[in-house]
Each structure stands twice: as C-alpha cells, then as structure tokens.
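Let me begin by presenting the structure, written as structure tokens, before commenting on it.
Residues take their numbers from the sequence shown, with the count starting at 1.
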Amino acid sequence: MKASALVLGIASAVPAFSVEVDTELLILVDTTRSISNREFDNVMEGIARSFESGPVLDVIGDGAIGSIAASLVFWSGSNEQLTAVSWLEVSDLSSAAQFAAAVRSASRPFSGQSAIGSAIAYGAGLFGTETGSLANGFESSFQAISFFGDGQDNNTPGRGNREARIRDARDGAIAAGVDEVSAVLLNTRNPQFQSYYEDNVLGSSGETVPSLALVDPGNVDQIALQQSLASSLSGSLSVVPEPSVILFCGVSGFCFFNRRRC
C-alpha cells in the first residue's frame with residue numbers, strides 16, 4: 001500500500017499537460033543574514049502589491065495569450081534554496097491576488113551566507129522543458145529570472161574568483177534556455193554594487209536588455225518594483241531598445257530612470 005501510494009504521489013507530481021503562457025517569471029528573493037526581518041517583510045509585501053497593481057496586470061494582459069506563470073524561490077547559502085510559491089498562472093486580478101496571497105504567507109527559511117551564483121543555477125532548472133528539466137506545468141516563449149539581492153557573493157563554490165562564478169552560473173542559465181536575468185538591488189547605500197550586478201548578474205539571450213532596479217528594502221517603493229517586474233514580463237512583447245537602470249532614492253517615493261547606451 002505504501003509503495004503504491006508513493007508511486008501515485010510521484011506520478012501526480014508530474015503535470016499531465018502543460019498550459020501555454022506568454023512568460024514564465026521566476027523571482028529569486030534574498031534571505032541572507034544582511035537582510036533584516038523587517039526588510040524581508042517589506043520586500044515580500046512589495047512583490048505582492050506589485051502583482052496586484054495596474055501596470056503589472058496591464059503588461060500581462062498585453063501578451064499574445066494574456067497570461068503568465070510565476071514562482072518565487074528563497075535563496076541564501078550555496079545549499080540553501082527553497083521554493084516558497086510554486087508555479088501559478090496569473091492572468092487577471094483574481095489570479096494575481098491568489099499569487100500575492102501566497103507571497104504574503106511565505107515564511108523566511110534562511111539567514112545565512114550569500115551564494116548568488118548557486119541561486120541562479122538552481123533557478124534555471126525550474127523552468128521545465130524549456131531549460132531541459134522536468135515539466136513544470138507550463139510552456140512559454142520567454143523565461144525570465146528576476147533576481148533580488150542586497151550585496152556580493154561570498155559562498156558560491158567553484159574555481160576562479162566570486163564574480164567569475166556568478167557569471168558562469170548566469171551564462172549557464174542563458175545557455176540552458178533562460179531568456180533574461182534582471183535584478184532588483186536591495187541596497188541604495190553602496191553605489192559600487194550597481195556595477196557589480198550589471199557586470200555579473202544581468203544577462204540576456206540577446207532579444208532583450210535586462211533592467212536593474214535600485215530599491216531601499218527599509219522603505220520599499222511600489223513604483224520601482226512594479227517597473228522592474230513589468231520590464232521582466234514585457235520581454236515576450238518586444239525588444240527593449242536600450243539598457244535601463246531603475247533608481248529609487250529617499251523616503252519621498254521619488255523615482256527616476258537613468259538610461260545608458262552600450
């Protein structure tokens with residue numbers, strides 16, 4: 001009986017068919033020790049509200065199919081990754097509210113070191129058949145990672161310096177079939193981290209140019225997060241003409257955009 005139940009459980013975990021969506025969006029959220037519990041709560045609430053917002057829902061509705069699949073994973077050290085919200089289809093306010101509720105109910109599992117490369121490599125394997133993995137229940141023409149982090153890598157294993165290890169993971173994800181890796185830098189105190197993320201984390205298969213959002217996790221502004229997530233989701237619609245950095249500064253909610261040419 002136990003063996004039969006086990007076989008049934010495995011079989012039921014593999015989707016019988018895949019739902020077609022415009023984009024599969026994987027959100028990787030930093031839970032390293034440098035992120036306080038208050039900052040973690042702020043970021044999670046910001047993500048939830050962004051999915052319920054008009055700008056994000058508008059981008060989803062503008063797709064050829066009019067729906068996406070989204071999932072959220074927590075990351076910290078080299079062996080610390082956990083799927084907090086499994087893949088869910090989002091196509092309207094009701095389904096967006098379901099995803100947002102799942103985000104709000106997710107508990108923080110880690111508070112360790114920072115393995116950015118390990119997190120990206122782990123995330124690349126969650127897109128299903130598009131990246132050579134087991135089916136995840138969805139198929140899309142665009143697979144995007146939105147990476148949330150607040151600092152540098154200090155725990156990804158491998159050869160070479162830390163930056164090279166991140167780039168190897170990012171390039172491996174793109175080679176496997178991920179179309180874009182964008183980022184939300186949860187740090188406005190250290191300007192040098194902007195170039196660190198631009199050089200090592202951001203990546204693209206060539207059809208789009210990923211965005212980097214700078215956000216203060218102690219006072220998360222919705223506009224910056226909405227713009228960043230909308231940018232990740234818009235990859236299936238058109239090619240972004242030039243790189244963009246989305247900046248949020250201060251407590252007034254003021255946002256501005258700094259666009260730079262290659």
Side-chain angles (χ1 to χ4, degrees), residues 23 25-32 34-62 68 70-75 85 90 96-97 99-100 103-104 106 116 119 144-152 180-204 208-235 237 240-260:
T23 298
L25 174 65
L26 178 66
I27 304 170
L28 294 174
V29 176
D30 188 343
T31 61
T32 58
S34 56
I35 296 287
S36 71
N37 287 332
R38 183 176 71 86
E39 290 172 337
F40 170 80
D41 290 341
N42 288 345
V43 170
M44 294 296 283
E45 179 62 24
I47 293 171
R49 290 186 182 183
S50 293
F51 269 84
E52 297 170 322
S53 70
V56 171
L57 288 170
D58 286 345
V59 171
I60 293 173
D62 286 342
I68 67 161
S71 177
L72 187 144
V73 168
F74 293 135
W75 68 271
V85 181
V90 179
F99 184 82
V103 170
R104 290 187 173 104
I116 295 174
I145 290 176
S146 180
F147 184 89
F148 284 61
D150 83 326
Q152 297 177 325
E180 181 180 289
V181 182
S182 61
V184 176
L185 175 55
L186 301 171
N187 192 326
T188 57
R189 304 180 305 276
N190 302 96
Q192 72 272 18
F193 288 160
Q194 178 178 326
S195 59
Y196 183 90
Y197 273 62
E198 289 174 341
D199 295 340
N200 302 306
V201 177
L202 301 188
S204 171
T208 63
V209 178
S211 66
L212 174 64
L214 275 62
V215 174
D216 177 4
N219 185 44
V220 174
D221 180 72
Q222 287 307 121
I223 297 176
L225 283 188
Q226 289 170 17
Q227 291 281 357
S228 179
L229 291 172
S231 176
S232 295
L233 293 171
S234 66
L237 302 178
V240 180
E242 53 183 292
S244 62
V245 177
I246 305 170
L247 301 176
F248 167 65
C249 299
V251 297
S252 64
F254 174 71
C255 281
F256 63 93
F257 301 89
N258 174 34
R259 294 190 177 272
R260 60 180 179 82

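Side-chain contact between Phe147 and Leu202 is absent, with no heavy-atom pair separated by less than 4.5 Å. Two residues are said to be in side-chain contact when any heavy atoms from C-beta on lie closer than 4.5 Å; Asp216 and Asn42 fail this criterion. In this structure, Ile116 and Tyr196 have side chains that are in contact, with non-hydrogen atoms separated by less than 4.5 Å.
When all heavy atoms of Val90 and Ile60 are compared, the closest pair comes out as O-CG2, 3.5 Å. Of all heavy-atom pairs spanning Gln194 and Leu214, the tightest one is OE1-CD2, 3.7 Å. Val103 and Met44 get closest at one heavy-atom pair: O-CE, 3.2 Å. For the residue pair Ser231 and Glu180, the shortest heavy atom distance occurs at O-OE2, 4.3 Å. Residues Ser228 and Ala213 share a closest heavy-atom pair of CB-CB, 3.9 Å. Nearest heavy-atom pair, Ala119 versus Leu28, reported as atom, atom and distance to 0.1 Å: O-CD1, 3.6 Å.
Atom CG of Leu57 sits about 9.0 Å away from atom CZ of Phe51, to the nearest 0.5 Å. Between the OG atom in Ser232 and the CD1 atom in Ile145 there is a gap of 10.0 Å [rounded to 0.5 Å].
Legend: residues meeting side-chain contact (heavy atoms from CB on, under 4.5 Å) with Asp150, ordered by chain and number and at least two apart, are Asp30, Thr32, Ser34, Ile35, Leu186. By the side-chain contact (heavy atoms from CB on, under 4.5 Å) test, Asn190 pairs with Asn187, Gln192, Phe193, sequence neighbours left out. The ring-ring contact (aromatic ring centres under 6.0 Å, His included) check on Tyr197 picks up nothing, with sequence neighbours excluded. Annotation: salt bridge (Lys or Arg N to Asp or Glu O under 4.0 Å) contacts of Glu45 (sequence neighbours excluded): Arg49, Arg104. Judged as a side chain to side chain donor-acceptor pair (under 3.5 Å), and not counting sequence neighbours, the contacts of Gln222 are Ser50.
Applying the ring-ring contact (aromatic ring centres under 6.0 Å, His included) test to residues at least two apart or on different chains, none of the pairs has a partner in residues 208-231.
No option in Leu72, Thr31, Val184 other than Val184 meets the side-chain contact (heavy atoms from CB on, under 4.5 Å) test with Phe148.
In this structure a side-chain-to-backbone donor-acceptor pair under 3.5 Å is missing from Thr188 to Val215.
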